[in-house]
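Since the structure comes first, as structure tokens, the remarks are kept for the end.
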Number of protein chains: 4
Amino acid sequence: MKTAQTAQTDAAQVRAGVRTGAGIRTKVKAKRMPREVRERQMLDAAVEIFARRGYAAASMDEIAELAGASKPLVYLYLNSKEDLFSACIRRESEALVTAVRSGIDPEASPDGRLWSGLLGFFAHTAAHPDAWAVLHCQARTHGEPFASAVCAMRQEIVDVVTQLIAATAREAACAVEPDGREITGLAHALVGAAESLAAWANTSGDAAPSEKETAATLMNLVWAGLGNLMNGRCWSATRP
Amino acid sequence: MKTAQTAQTDAAQVRAGVRTGAGIRTKVKAKRMPREVRERQMLDAAVEIFARRGYAAASMDEIAELAGASKPLVYLYLNSKEDLFSACIRRESEALVTAVRSGIDPEASPDGRLWSGLLGFFAHTAAHPDAWAVLHCQARTHGEPFASAVCAMRQEIVDVVTQLIAATAREAACAVEPDGREITGLAHALVGAAESLAAWANTSGDAAPSEKETAATLMNLVWAGLGNLMNGRCWSATRP
Amino acid sequence: MKTAQTAQTDAAQVRAGVRTGAGIRTKVKAKRMPREVRERQMLDAAVEIFARRGYAAASMDEIAELAGASKPLVYLYLNSKEDLFSACIRRESEALVTAVRSGIDPEASPDGRLWSGLLGFFAHTAAHPDAWAVLHCQARTHGEPFASAVCAMRQEIVDVVTQLIAATAREAACAVEPDGREITGLAHALVGAAESLAAWANTSGDAAPSEKETAATLMNLVWAGLGNLMNGRCWSATRP
Amino acid sequence: MKTAQTAQTDAAQVRAGVRTGAGIRTKVKAKRMPREVRERQMLDAAVEIFARRGYAAASMDEIAELAGASKPLVYLYLNSKEDLFSACIRRESEALVTAVRSGIDPEASPDGRLWSGLLGFFAHTAAHPDAWAVLHCQARTHGEPFASAVCAMRQEIVDVVTQLIAATAREAACAVEPDGREITGLAHALVGAAESLAAWANTSGDAAPSEKETAATLMNLVWAGLGNLMNGRCWSATRP
DNA sequence: CATGAATGAGTGTTCATTCAT
DNA sequence: CATGAATGAACACTCATTCAT
């Protein structure tokens with residue numbers, strides 16, 4: 001009977017340790033699993049390899065092996081190396097944006113909302129360093145289709161931050177309504193700072209700061225400035 | 001007369017626009033130039049191609065063509081792809097550090113010095129986006145020799161910023177001596193914010209803010225926070 | 001019917017004669033053959049090209065084409081030019097040693113054994129002139145790994161000859177035990193003479209002597225001298 | 001004044017030790033020498049490099065450097081790598097044939113003439129191992145023009161030996177007039193044996209036998225057989 | 001004639017991708 | 001669907017050769 005067979009096959013699942021270069025992950029060699037699952041495994045493997053080797057140096061052989069699938073199957077499901085890379089970027093972009101969005105507590109105070117958004121960002125990038133490496137370092141340097149996908153994701157985050165800052169301004173009934181353009185600039189600066197900190201934290205090895213520390217560093221750096229700006233107080237270059 | 005004709009032909013050295021893939025630059029096809037000049041052209045071309053395609057995907061053929069030289073000549077002068085990449089990193093690192101250092105007016109006040117340093121960094125990265133892409137995105141993801149070279153450069157800039165902040169702290173007779181690790185984090189955040197702003201400014205088309213405006217945005221965002229930090233005042237998450 | 005047509009086409013696999021440079025061999029272009037067979041074809045082609053052009057001048061392209069396969073397949077199976085050359089040497093060495101060994105009738109008299117050994121050596125080198133060219137001319141002039149492999153093979157043959165001569169000496173109850181170094185020299189002389197005769201026979205066209213005649217010529221030339229040496233009788237330069 | 005200048009230049013002749021790979025020779029860098037001398041230096045260098053690296057792997061740069069001349073001059077005098085190689089073969093072939101011919105004492109007895117011819121051959125190949133390596137190993141494996149040049153040289157030597165054997169037969173008033181074809185075969189065998197012994201002696205390093213020893217080995221091997229043949233006594237395969 | 005800038009043509013090697021079984 | 005045979009197209013790198021100065 002099919003059920004019994006499947007059960008048996010499941011029980012006898014081959015679990016083999018694989019070492020690919022400095023690879024540590026364990027490859028699960030199981031036959032006949034639903035496409036959805038297989039595809040996820042392929043994307044997992046691809047993200048890992050792309051992060052480790054870079055887009056161009058990553059080999060489809062290695063990805064297929066790490067995914068525990070045959071190369072023709074990878075092509076059947078994901079068409080080409082480019083499409084595979086695109087799929088990685090799409091999945092990881094969405095995951096990151098979701099993590100940031102869902103980290104924000106809409107009931108919190110303005111600074112609390114910014115804080116929780118940052119915390120979501122840093123927690124996600126710390127938990128998925130390969131994904132972050134792909135998005136931050138690989139995707140932007142390998143041709144238009146990839147770069148613009150990442151750009152769109154970035155824009156989404158910038159929008160979130162922009163709305164956060166605008167809301168802050170409104171709630172503070174601030175003296176000077178800052179213009180939209182300046183707010184967008186501030187959002188870009190904030191996101192850039194966060195990205196840079198995330199990359200730094202991920203590559204700091206053992207001495208990496210916790211997500212809370214990283215987020216606090218950034219809040220310390222910018223919150224006072226944001227508050228000043230909301231009240232029309234500017235730093236002025238006394239001696240340009 | 002033949003002599004005159006030849007002279008004329010020589011004088012009217014062929015200047016042909018070339019399009020290599022998405023290439024836009026104009027290649028100057030001039031034969032027999034001193035090694036120094038050719039080498040600079042090669043580095044220029046290499047930086048551009050490395051930025052556009054990434055280290056691994058960049059082809060020596062394309063670099064040579066863009067440099068207006070043949071591949072063997074590139075190898076004669078620069079030995080190998082690795083060496084060429086190293087040479088790019090070295091040259092661009094030094095240029096960037098020099099730009100930042102020489103932008104700082106040592107007579108200025110602490111905030112003025114930070115302002116002018118940012119402005120220098122900013123102006124340079126905006127003027128040489130390819131160089132910055134190579135340093136920031138490529139060099140760190142392609143093996144030790146490159147990564148450490150970039151790391152050294154980054155450290156120099158962080159040092160500059162660190163000294164700036166430290167000087168600020170001293171002049172402010174600040175209550176709390178900030179620790180080195182936190183300063184490094186702040187420097188990374190600053191650099192990331194600056195980079196992001198630069199990219200945003202570069203892609204804003206007509207409405208692009210001037211470098212001074214961009215730098216002012218960043219100063220507004222961070223100067224107050226830096227001041228607070230120097231005095232031991234932190235933002236605290238009231239509702240974590 | 002389409003099925004029938006396809007079947008026919010499959011059955012009538014394209015057999016095309018190819019001329020590569022001065023190539024004469026007929027290449028069999030058959031797709032999808034077992035690895036073992038393809039590998040043998042590759043080695044055949046490699047031996048031919050290495051013999052014709054020399055190790056350094058032989059191109060993997062030409063070898064692949066003559067083998068009726070693509071270059072990547074050659075690399076998949078044989079890894080590199082060096083490994084391919086090694087494989088050739090190994091295969092041909094073993095074949096030659098086997099030919100010599102299996103040609104010797106252990107029941108025969110000493111001279112009969114030498115005769116049959118020569119005949120075996122001779123027949124093999126005449127039948128596989130490319131293989132002999134690779135072993136004799138190429139392998140020794142291209143670096144240690146190759147040289148020592150050929151050296152080992154040569155030693156095996158010298159050993160065979162040595163044992164033959166030693167047996168002769170024993171049976172003849174010879175007066176003087178010849179030293180090993182001299183025997184090695186004699187073996188080299190014999191091999192050189194045999195090789196030279198083989199080449200001469202090969203290029204004599206219609207008037208070419210049979211292998212047996214050639215072998216007889218050599219036996220006539222050396223047997224008496226060998227017998228003398230075994231008995232301590234030397235030719236002496238009466239007038240140096 | 002020109003004379004003074006030249007004198008000065010001559011006095012300041014650069015004498016630089018060069019190390020090319022395992023190279024040991026000392027390069028004499030002298031300007032303005034007669035073409036004949038320069039050409040000889042070039043051929044010397046070429047023979048050395050061709051022997052050390054093989055024809056294909058030898059680089060014109062290295063040859064020019066070892067010859068102490070500029071590359072364009074090498075091309076001016078010798079046209080191309082092929083022509084240079086041909087010139088080497090021609091010069092060394094002639095030298096070898098001359099050495100063999102002039103070594104033979106026409107007054108000597110038959111065996112004395114053979115002996116002295118062999119001695120000349122072995123002495124020359126031992127004194128010029130690079131030349132012999134080029135003739136024996138390189139020239140025959142790099143295409144028709146070279147192979148046939150060497151073949152012609154070889155034929156000259158075979159002719160010399162053939163005449164020697166024929167003269168021997170005549171002088172011995174031998175019982176059976178051996179036919180010309182058999183004598184030619186014997187000559188080929190002899191020459192091949194000598195070649196093989198020369199190569200062996202040259203590659204034996206420190207333990208290399210002297211020329212007299214080598215020649216004696218060969219005489220011991222063949223003289224008795226030759227004598228027998230001249231008298232119609234053949235070895236016969238008792239048990240073929 | 002030396003110097004050194006310059007290159008066309010080719011080398012060994014790799015990899016994404018396909019297809020028959 | 002896994003297996004493995006098969007390849008087109010490219011890539012880094014080298015070298016004999018030329019020519020202006």
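Just so we're on the same page: letters track the sequence lines, and every chain starts at 1.
Nucleotide F:dT18 holds its C1' atom 13 Å from the CE atom of D:M60, rounded to whole Å. Atom pair D:D61:CG and F:dA16:C1' shows a separation of 9 Å (rounding to whole Å applied). Atom pair C:F50:CZ and E:dT11:P shows a separation of 13 Å (rounding to whole Å applied). Atom CD in C:E36 sits roughly 13 Å away from atom P in F:dA6 (whole-Å rounding). Per the geometry, CD belonging to C:E65 stands 16 Å off C1' belonging to F:dA6, to the nearest Å.
For B:F146, the ring-ring contact (aromatic ring centres under 6.0 Å, His included) partners two or more places apart in sequence, or in a different chain, are B:Y55, B:F85. Applying the side-chain contact (heavy atoms from CB on, under 4.5 Å) rule to B:D83 yields the partners B:N79, B:S80; only residues at least two apart in sequence or on another chain are considered. Scanning for salt bridge (charged side-chain N to carboxylate O under 4.0 Å, His left out) contacts around B:R35 gives B:E39, with sequence neighbours left out. Qualifying side-chain contact (heavy atoms from CB on, under 4.5 Å) partners for B:A149, counting only residues two or more places apart in sequence or in other chains: B:I89. Looking at residues two or more places apart in sequence or on another chain, you find a salt bridge (charged side-chain N to carboxylate O under 4.0 Å, His left out) between C:K71 and C:D61. Under the side-chain contact (heavy atoms from CB on, under 4.5 Å) criterion, B:A56 pairs with A:A56, sequence neighbours left out. Residues satisfying the side-chain contact (heavy atoms from CB on, under 4.5 Å) test with D:A51, not counting sequence neighbours, are D:D130, D:A133, D:V134.
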Short heteroatom pairs, N/O only, protein and nucleotides 19-21 of chain F, under 3.5 Å:
| unit_1 | atom_1 | unit_2 | atom_2 | d |
| --- | --- | --- | --- | --- |
| F:dC19 | O2 | B:R32 | NH2 | 3.0 |

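The base of E:dT13 sits with one of its N or O atoms less than 3.5 Å from a complementary donor or acceptor on the side chain of C:K71.
Residues A:L66 and A:E62 have side chains not in contact (no heavy-atom distance under 4.5 Å, counting atoms from C-beta outward). Contact of the B:K81 side chain with the B:I63 side chain is not registered, since no non-hydrogen atoms from C-beta on lie closer than 4.5 Å.
Shown for residues 75-87 of chain D: residues whose heavy atoms fall under 4.0 angstrom of DNA chain F, namely D:Y75, D:S80, D:K81.
Residue whose closest nucleotide on DNA chain F sits further toward the 5' end, between C:P34 and B:Y55: C:P34.
At the phosphate of E:dT11, neither OP1 nor OP2 sits under 4.0 Å from any side-chain N or O atom of C:R53.
Atom-to-atom distance recorded for B:R38:CZ and B:R32:CZ is 10.5 Å, nearest 0.5 angstrom.
Using a 4.0 Å heavy-atom criterion, one finds that D:A58 contacts the sugar-phosphate atoms exclusively. Among the heavy atoms of the strands lying under 4.0 Å from A:L73 are primed sugar atoms or P, OP1, OP2 only; no base atom is included.
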Carefully, step by step, assess C:R91 and C:D44 under the rule side-chain contact (heavy atoms from CB on, under 4.5 Å).
-> CA-CA 10 Å; C:R91 191 183 73 162; C:D44 290 345; 2.8 Å; yes

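Closest to the side chain of B:S59, out of E:dA6, F:dT7, F:dA12, is F:dA12.
Taking a pair as Watson-Crick or G-U wobble with both distances under 3.5 Å, DNA chain F forms stems of 3 or more consecutive pairs at E:2-21 with F:2-21.
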